[in-house]
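Here the structure comes first, spelled out in structure tokens, and everything after it is commentary.
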Amino acid sequence: MAREPEGTERHCTSFGLPVSKSTRSHHFRILREAGLIRQVDRGNSRMAQLRTADLEARYPGLITLIRNNPAPGPATD
């Protein structure tokens, strides 16, 4: 989400996480309760949005650091 334009909303299933629906819901609840994302109900679905401005105000430079240093890919043998 950090690499998306500010204000982008994504459906929780759009991330393609290889986990069950309940596990995905749990993880997004933890992110929401930690103040990292906001979730908006859109009919019978829920969209997630990174709280970029709030995070930048609290932790200046963090989002830029994350954007410029993506997580490494899976390890290969």
Side-chain angles (χ1 to χ4, degrees):
M1 291 180 78
R3 290 188 283 277
E4 300 286 339
E6 188 169 347
T8 299
E9 293 182 349
R10 289 187 57 183
H11 194 273
C12 297
T13 59
S14 71
F15 294 95
L17 301 173
V19 296
S20 68
K21 182 179 178 180
S22 62
T23 300
R24 187 173 51 242
S25 295
H26 171 74
H27 285 286
F28 278 91
R29 180 176 57 97
I30 297 299
L31 292 171
R32 185 182 69 245
E33 290 176 356
L36 298 174
I37 65 170
R38 71 175 46 90
Q39 289 184 301
V40 180
D41 290 330
R42 302 276 188 229
N44 62 351
S45 65
R46 184 173 280 178
M47 303 295 283
Q49 180 184 55
L50 185 65
R51 297 178 62 185
T52 307
D54 296 335
L55 291 169
E56 186 61 31
R58 177 126 175 133
Y59 305 104
L62 178 63
I63 298 299
T64 302
L65 181 68
I66 292 169
R67 285 179 178 150
N68 293 337
N69 296 286
T76 58
D77 292 325

When rounded to the nearest 0.5 angstrom, what is the spacing between [atom1] in [X] and [atom2] in [Y]?
X: T52; Y: R38; atom1: OG1; atom2: CZ; answer: 8.5 Å
X: C12; Y: Q39; atom1: SG; atom2: CD; answer: 5.0 Å
X: N68; Y: I63; atom1: CG; atom2: CD1; answer: 11.0 Å
X: L55; Y: I37; atom1: CG; atom2: CD1; answer: 10.5 Å
X: R29; Y: R24; atom1: CZ; atom2: CZ; answer: 15.0 Å
X: R32; Y: R51; atom1: CZ; atom2: CZ; answer: 11.5 Å

Looking at every non-hydrogen atom in both residues, tell me the closest pair between [X] and [Y] and how far apart they are.
X: E4; Y: R67; result: O-NH2, 3.8 Å
X: S45; Y: H11; result: CB-NE2, 3.3 Å
X: D41; Y: R46; result: OD1-NE, 3.0 Å

Taking a hydrophobic cluster as the set of Ile, Leu, Val, Met, Phe, Trp and Tyr residues connected by side-chain heavy atoms closer than 4.5 Å, whether directly or through intermediates, do [X] and [Y] fall within one such cluster?
X: I30; Y: M1; answer: no
X: M47; Y: L31; answer: no
X: L65; Y: Y59; answer: no

* Q49 side chain to E9 main-chain N or O, any donor-acceptor pair under 3.5 Å? ->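 Flag not set: sc Q49 to bb E9 has no pair under 3.5 Å.
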